[in-house]
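Working notes, beginning with the structure itself.
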Amino acid sequence: MADVTLEHIYKIYPGDVTAVRDVNLHIKDQEFVVLVGPSGCGKSTTLRMIAGLEDISKGTLKIGEKTVNDVAPAHRDIAMVFQDYALYPHMSVYENMAFSLKLRKFAKTEIDKRVREAARMLELEEYLERKPKALSGGQRQRVAMGRAVVREPSVFLFDEPLSNLDAKMRVSMRAELAELHDRIKTTMIYVTHDQIEAMTLGDRIVVMKDGLIQQYAEPLDVYAYPANEFVASFIGTPPMNMFKGTLKRNGEELIFDGENFQVQLPKRMHESIQSCVGKAVTFGIRPEDMKIEGQQEADSTQSLNAQMFLKETLGNELIAHLQSAQHKFICRVDSHDRPNLDGELTIYPIMERAHIFDGESGINLTVPEHMKQAQADTVLAS
């Protein structure tokens, strides 16, 4: 078991193409950290540098106290689980799980002990004599995890391991991965483009874009206090509503003016945003914090009028797509309220959950004090 530390890590390809720039991460021993972001953001490249499958162009990588920049993958005491399982089709499940131990010349009794313990943990005992082609996708992925588990490495690396599974199987495998981590208490680093996987699995999540870390924090902190507009839009389904406008002063009050959408901002925001009076800003608020008249919590004195142009029914909730003048936005509605969504609707934003982003940099100006230092340490200028 070990910490993993990345200090000013870069990956620069020929032609001066920078895929990863100035990544600084400290992943604690036994922590489950998820790297998440859109395709091409650098998350898989970062994982492959940790694994030793990609050379590090600049910076220092440590596993435990040891610098491993020039250490071969086989000697880093890591195990990696890939998206495509990478099982040997001619070998049984038992042989696939035992193969790396045989190469390392473990005793037969030790190999058998480790394989059967991993099989019991992953509920693979009845499949040990089968070949991979006789297994479902979820079972194959469990075999791939079992092959990693038997090695008892210091660090597990997962490269989008669930992306080839159907939606129902992904939910099941997420639960199995979380349970596996609780059992073996080993450092795990997981790459995905799926924010649901990131939010449900990670002790902390790393949000990346264009090779840069945008935010590194616990999932609920990333959701509640996004560092910038990109994080606010990327984390959350549906994404946060964004209204472009200007910050204005009216006596002692600060007003967000989005043309046909004006709201008085809470006192808690004033100190952090008053220097932006007269400047372009973005007002952000999540769909569940935009309440339609008649819903619970719709008690704000501030409102805007809108009409619905699209409704998505998801069983326990409705996603209402609304239009107000030139603004389009989304409300998430509890379907048990049976709201009437016809005609003109009055929408009440819960202002205490709103955010103001700098119109130029996109940085969240309204993060609470207790989060500011953590974000200053992890958000890199783009």
Side-chain angles (χ1 to χ4, degrees), residues 27 30-39 43-44 46-48 50-51 78-89 91-94 96-100 114-128 130-153 155-207 218-220 222-223 235 237 314-315:
I27 298 166
Q30 301 185 17
E31 193 172 25
F32 197 137
V33 167
V34 181
L35 279 62
V36 64
S39 296
K43 57 188 185 295
S44 289
T46 301
L47 191 79
R48 290 174 64 82
I50 296 171
I78 54 99
M80 191 161 181
V81 179
F82 296 93
Q83 174 181 339
D84 59 359
Y85 321 134
L87 301 177
Y88 296 107
M91 292 184 181
S92 67
V93 168
Y94 185 101
N96 266 283
M97 292 172 65
F99 185 69
S100 65
R114 291 195 186 191
V115 169
R116 294 192 183 280
E117 173 61 21
R120 183 193 60 77
M121 187 186 305
L122 295 164
E123 299 182 356
L124 290 170
E125 291 170 294
E126 62 182 287
Y127 307 111
L128 286 175
R130 294 190 188 182
K131 299 288 178 62
K133 66 180 180 181
L135 304 176
S136 68
Q139 289 164 345
R140 292 179 194 179
Q141 194 56 273
R142 289 210 301 272
V143 175
M145 288 192 289
R147 185 176 54 191
V149 167
V150 298
R151 295 179 57 187
E152 299 181 359
V155 181
F156 284 89
L157 306 177
F158 296 89
D159 189 7
E160 304 209 41
L162 309 185
S163 60
N164 287 338
L165 304 179
D166 61 45
K168 183 178 179 180
M169 184 59 69
R170 283 202 299 272
V171 173
S172 174
M173 288 300 298
R174 283 205 305 268
E176 290 189 26
L177 273 167
E179 185 178 2
L180 177 65
H181 181 248
D182 286 342
R183 285 181 180 179
I184 63 178
K185 303 294 185 186
T186 304
T187 308
M188 292 185 174
I189 307 172
Y190 187 104
V191 159
T192 182
H193 63 274
D194 185 331
Q195 57 166 295
I196 295 175
E197 286 182 21
M199 294 290 288
T200 55
L201 285 173
D203 297 322
R204 288 190 290 172
I205 63 177
V206 181
V207 185
E218 294 180 12
L220 289 180
V222 173
Y223 188 81
I235 299 294
T237 304
L314 302 177

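Here the structure is a predicted model, which is why all the values come from computation and not from measurement.
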Next item on the list: Could you tell me which non-hydrogen atom of Arg170 sits nearest to which non-hydrogen atom of Asp194, and how far apart they are?
Entry: NE-OD2, 4.4 Å
Check: Where do Ala79 and Ala148 come nearest, in terms of heavy atoms and distance?
Finding: CB-CB, 3.7 Å
Notebook entry, point to check: Do any N or O atoms from the side chain of Arg114 and from the backbone of Val150 form a donor-acceptor pair under 3.5 angstrom?
Noted result: yes
Next item on the list: Answer whether the closest heavy-atom distance between the side chains of Leu47 and Ile189 falls below 4.5 Å.
Entry: yes
Check: Got a second to check how far Glu176's CD is from Met169's CE, nearest 0.5 Å?
Finding: 8.0 Å
Notebook entry, point to check: About how many Å separate OG of Ser92 and CE of Met97, when rounded to the nearest 0.5 Å?
Noted result: 10.0 Å
Check: Just by modelled atom types, is the Pro132 backbone N or O under 3.5 Å from a matching donor or acceptor in the Arg140 side chain?
Finding: yes
Checklist line | Heavy-atom closest contact (Leu157 atom, Ala51 atom, distance) | finding: CD1-CB, 3.5 Å
Next item on the list: Flag the pair Phe156 / Met80 as yes when at least one side-chain heavy-atom distance between them is below 4.5 Å, and no otherwise.
Entry: no
Next item on the list: Classify the side-chain pair Gln83/Ser163 by whether it contains a donor and acceptor separated by less than 3.5 Å.
Entry: yes
Checklist line | Plane angle bin for Tyr190 and Phe32 - parallel if under 30°, tilted between 30 and 60°, otherwise perpendicular | finding: tilted
Margin query: Nearest 0.5 Å, please: how far is OH in Tyr223 from CE in Met199?
Written below: 7.5 Å
Checklist line | Over 12 non-hydrogen atoms of neighbours within 6.0 angstrom of CG in Leu314 | finding: yes
Check: Quick one: are Met173 and Met145 in side-chain contact, heavy atoms under 4.5 Å?
Finding: yes
Check: For the side chain of Lys43 and the backbone of Gly37, is there at least one donor-acceptor N/O pair under 3.5 Å apart?
Finding: yes
Notebook entry, point to check: Ignoring hydrogens and geometry, is there a side-chain-to-backbone donor-acceptor pair from Arg183 to Met121 under 3.5 Å?
Noted result: yes
Margin query: Quick check for you: to the nearest 0.5 Å, what is the distance between Asp84 atom CG and Phe82 atom CZ?
Written below: 8.0 Å
Notebook entry, point to check: Quick check: does any side chain N or O of Asp203 sit under 3.5 Å from a backbone N or O of Val33, one acting as donor and the other as acceptor?
Noted result: no
Check: Can you name the closest pair of heavy atoms from Pro219 and Gly202 and give their distance?
Finding: CG-O, 3.2 Å
Notebook entry, point to check: Is there a side-chain contact between Asp166 and Lys168, using heavy atoms and a 4.5 Å cut-off?
Noted result: yes
Note to self: Taking the side chain as everything from C-beta on, heavy atoms only, tell me whether Arg147 gets closer than 4.5 Å to Val81.
What the structure shows: no
Margin query: Regarding Gln195 and Thr237, do their side chains bring together a donor and an acceptor under 3.5 Å, going by distance alone?
Written below: yes
Note to self: Looking at Arg174 and Glu197, is there a salt bridge between them, counting it only when a charged N and a carboxylate O are closer than 4.0 Å?
What the structure shows: no
Next item on the list: Can you measure from CG (Leu35) to CD (Glu160) and round to the nearest 0.5 angstrom?
Entry: 11.0 Å
Item checked: Verdict with reasoning, Leu128 to Val115, per side-chain contact (heavy atoms from CB on, under 4.5 Å) -> CA-CA 9 Å; Leu128 286 175; Val115 169; 4.3 Å; yes
Next item on the list: Could you tell me whether the side chain of Leu135 reaches within less than 4.5 Å of the side chain of Tyr127, counting heavy atoms only?
Entry: yes
Next item on the list: Compare every heavy atom of Gly137 with every heavy atom of Leu165, then report the nearest pair and how far apart it is.
Entry: CD2-C, 3.5 Å
Checklist line | Chi angles and distances behind the side-chain contact (heavy atoms from CB on, under 4.5 Å) call for Val36, His193 | finding: CA-CA 5 Å; Val36 64; His193 63 274; 5.8 Å; no
Checklist line | Neighbour count >12 (heavy atoms, 6.0 Å) for atom CD, Glu123 | finding: no
Notebook entry, point to check: Do His181 side-chain atoms and Gln30 backbone N/O form a donor-acceptor pair below 3.5 Å?
Noted result: yes
Note to self: Any heavy-atom pair between the side chains of Leu177 and Phe158 that's under 4.5 Å?
What the structure shows: yes
Margin query: Testing the basics here: between Ser44 and Val191, what is the closest heavy-atom pair and its distance to 0.1 Å?
Written below: OG-CG1, 3.6 Å
Next item on the list: Measure from the side-chain N and O atoms of Arg151 to the backbone N and O of Ile78, and report whether any donor-acceptor pair falls under 3.5 Å.
Entry: yes
Next item on the list: With the side chain counted from C-beta on, respond yes when Val143 and Leu124 share a heavy-atom pair under 4.5 Å apart, and no when they do not.
Entry: yes
Checklist line | Thr186 side-chain N/O to Ile184 backbone N/O, donor-acceptor pair under 3.5 Å | finding: yes
Next item on the list: Examine distances only and state if a side-chain atom of Gln141 and a backbone atom of Pro161 form a donor-acceptor pair shorter than 3.5 Å.
Entry: yes
